[in-house]
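See below for the structure under consideration.
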Amino acid sequence: MPKDYDPLKEEIADSISHYEKSRALGAATKRSRNARTTQLLSLADPEGLLSDIKRLKTSAISNLDVLLEQFVSSCEKNGSKVLVAKTGQDVVNYVVDLALKNNVKLIDKSKSLTTEEIELNHHIEEKGINIVETDLGERIIQLANEKPFHLVFPAVHKSQKEIAQLFSSSFKIDVPDDLDEIMKVIRKELRPIFLESEIGITGANVAVAETGSIVIETNEGNARLVSGIPDIHVVIVGMEKIVPTWEDALKLAMAHPVSATGTRLTNYVSMISQRRPLEGHSKRELHIIVLDNGRSKMREDPWFREALSCIRCGACMNICPTYGVVGGHVFGYIYPGPIGIPWTEEVHGLDKTEFAHLCISCGLCREICPADIDIPMMIAKVKERDVEANGQITPNKVLSRSDVFAKFASSTAPFSNWIIQSKVSRAFMDRFLGIDKRRNLPRFENNTFEKRFKKIKKAISSPSAKVVYFVDIFANYNEPRLAEKALKMLQDQNIDVELPKDLKSSGMPYISYGELKKATKIAKHNVNILTSFVKQGYDIVATEPTATYCLKEVYPKLLDHSLDSELVSKHSFEFFEYLASHSEKKNTKTAQTRKQIGFHIPCHQRGLSAGKYTIDLLTRQGYDVKVVETGTCCGMAGTFGLKKGDIGYNLSMAVGKPLFDLFEAEKTIEVIATESSVCTQQLIDGTKLRLVHPIDLLSSD
Amino acid sequence: MTTATLNATPSPIVEEFTKRFEQQSGRDHFCSSKTEALSTIEKIIAERARGLAYFTKAVSQMMGASSVHSASLYDLPSTVNGLDIIKQADVAITTASYGVAETGCFVEIAYEDSTKLLSSLSRVHIVILEAKNILKTLQELAPILRTELSGKDKPTITLISGPSRTADIEMKMVLGVHGPHEVHGILINE
């Protein structure tokens, strides 16, 4: 029996029922995203900064063994004591020994996710030593006995009122619901801690091999006190943080806040190389602990190596649609959010990574990641390992085989439609297949596009270009009418169109549900066929953004970037992108006739053209196009929103709600255009507006 | 930004530095001489101080010891426990070796932790910088760091962009969490 994931479902249901909390979280993540975009655009060379980050992190990870050795030797030359710790337990043992040897009763700390990873506080408290977090957010979490909700804003889920109550009960004083008063209380509480702590523990945002230095970034300045006052300063740094030079370190010091909060530099950037003297204090020590805890193993694993490039900016959780509803306690173990999935699986184990099923494969985390980490594919791998260990749940089994189902339903249509649409069978599908009965399902056509193609294909004697139409499931089995129009639009431009007989659908559902072996088989099959066409001078177009996304982004990854997969990737285009480059640009209608139209950008299109060619063509045709967006997913995410209950329809609708509200608020918009078949379904179910495919607006028929 | 004299018109680099620093809630004061800088500092202390003002040794080296002592400021004395003195400081006066225009930050180079703690613990931080030492980009700092850290004694170097801050409660910005509530930059453009 596969796992039922009931605890996860309960947590999701609980999050969805606290709508105000979700809304506040959504607003916070959106604010961070917007600030990030604004700050990036204000830089002289934003693309340069981002590509530098990817390059320098990739290079540092590949040279990690050499850099580690250099870092350790530089630190030792500086007089610091260094430990390379294999496990979290080694760190705990070292710190506890140090504390006991020096008869330490009080330790203060600045924010460090690496110490959260190994649950250091817990282990130290067990020895009867008092350890106090000094970052405000971390202190709140510590007092509430919780784990961080967000990498950058650990206490973003707590309202001011809740914090006032927490401080009241923790400090046994009456703290009013007033920010200034709360700040006075925390200042007064922490000042003696800073002054009396005998060991100060900090993390490090960067470690610099050339001079044996560490960089700590804080806005509050608490790390300056933690690293400056106690006679013993202990730094705990993950080994992936080492870079060779100060040039690299300063780039990271800028990229961290730009990507995390949309500021140019963290308020205090401390660069510490050696313990400095303080009058009246004869014994000043600096201990640097470099933590492995699974990182070496990650480095050896081609699927997870890139995760070590994470700069911990939290941008991926700011854009993740489901994280935005449920937050980091549900969507996380200790490391929350999308990047938290591979990290948790690697350092805490597969059994702690159930929350991987909250990933809906929208791919947005990859789009926003400053280090361009392919987080979605790592998550797919984690899901695969989960399926191998625990079995596949029924709805995932059914939906990952959407292609088989569609073929069958289409061949038996219209009878199948009658079955699918009947209440009795929907109740059956809900109960036994896990397809939510509240979801509208598209109708299937017996006369598929494949069948029609031979009849309507025009022989073009001297074509201007040659393309393969990658038709995918929906346009073939559900809306062949659209595919026909697409074909005509291409042929009108004197383009020769081919429909290779044996092409399979994209296989994206297999990736969403962790069936990578099947997905790889499909990728290989399709790439083989498409390569032979590309070699004969064909390009490839798809009307479904997810299909183009698969061809361009996913297949090369699945096929280990084989020459053929890269060739196919290079020659694959979105339908309107291709059409725009193969037709004359002309404005057909005057400004007076403009009709307003809402435009929805599907997630997988964001990584491609973000709809710019379609919007341009629509505008030229006289439409007044307004992109309506939350900046994240509509919630459908392929077949995710078809699934029954909390890991499915309920969460899908909760993710979509802010977008539905935005569309509803647009009083002048009656029609929404989008190119994705699944987004279309979601917006039909979530709004009262009419949905059209841009092909319907732009074809002459 | 306050400009005491007309002939102290800042260069584009200084202007960018000031713009960024003030966006981060810092406040710059332009001075065309050390004398003017001292009187500006005294004025800030008169207006803002609620307790004792201390300065680091680097300040007296930079400004000339006699002139500093003529002002009503306290030198940071050598004591049995440096921390006890720092705890009393309401205003800290320190120096920055460099500034960075691109990010609007001061570069503090501290060979003793008393310097770093003074600018971390006091409520008002006044930091003096010669405007000619403002770099255009953060990357220009890399070779400087390498040089500063090449000797046997390796200072702690801190980039300071403004008052201590947090947005940990409902993402509302609050200044002066543990450290300075206000930071004044004294830019000397001789």
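As the structure is a computational prediction, the values presented were derived from the model and not from experiment. Chain naming here is simple, since letters A, B, ... match the order of the sequence lines and numbering starts at 1 in each.
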Which atoms of [X] are under 4.5 Å from chain A, going by heavy atoms: the side chain, the backbone, both sets, or neither?
X	answer
L141(B)	both
K87(B)	side chain
E102(B)	both
T137(B)	neither
P163(B)	backbone

Open item on the list: If we define contacts as heavy-atom pairs under 4.5 Å, which of R284(A), E210(A), R275(A), K158(A) has the most with chain B?
Closed with: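 Most heavy-atom pairs within the cutoff with chain B belong to E210(A).
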
Open item on the list: I'd like to know which of T266(A), L250(A), N267(A) tops the heavy-atom pair count under 4.5 Å against chain B.
Closed with: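 With the most close heavy-atom pairs to chain B, the winner is N267(A).
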
Task: Pair F106(B) and F21(B), ring centroids less than 6.0 Å apart - done: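 Yes, the ring centres sit under 6.0 Å apart.
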
Task: Aromatic centroids of H29(B) and H184(B) separated by under 6.0 Å - done: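 Yes, close enough.
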
Checking heavy atoms, do the side chain of [X], its backbone, both or neither come under 4.5 Å from chain B?
X	value
I140(A)	side chain
I182(A)	side chain
K251(A)	both

TODO: Mind telling me whether H150(A) and F153(A) have parallel, tilted or perpendicular rings, with 30° and 60° as the class edges?
DONE: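 Rings of F153(A) and H150(A): tilted, as their planes differ by 30° to 60°.
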
Counting N and O atoms only, with roles assigned by atom type, does the side chain of [X] sit under 3.5 Å from a partner on the main chain of [Y], one being a donor and the other an acceptor?
X	Y	value
S159(A)	E162(A)	yes
S80(A)	E76(A)	no
D90(B)	A49(B)	no

Open item on the list: Quiz question: by atom type and distance under 3.5 Å, do the side chains of T261(A) and R36(A) form a donor-acceptor pair?
Closed with: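 The answer is no; no qualifying pair exists.
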
[options]: which one forms the most heavy-atom pairs within less than 4.5 Å of chain A?
options	value
Q24(B), Q23(B), K172(B), R20(B)	R20(B)
T103(B), V174(B), L117(B)	L117(B)
K116(B), R165(B), E170(B)	R165(B)
L175(B), V100(B), I160(B)	I160(B)
A167(B), G179(B), G104(B), P155(B)	P155(B)

Task: Close side-chain approach of V127(B) and H125(B), heavy atoms under 4.5 Å - done: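 In short, these two side chains touch, coming nearer than 4.5 Å.
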
- [ ] Step by step, work out the side-chain hydrogen bond (donor to acceptor under 3.5 Å, both in side chains) result for T263(A) and Q39(A).
- [x] CA-CA 6 Å; T263(A) 44; Q39(A) 187 61 256; over 6 Å; no

TODO: Have a look at L136(A) and tell me which of N222(A), N219(A), I186(A) forms a side-chain contact (heavy atoms from CB on, under 4.5 Å) with it.
DONE: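 Output: one option passes, namely I186(A).
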
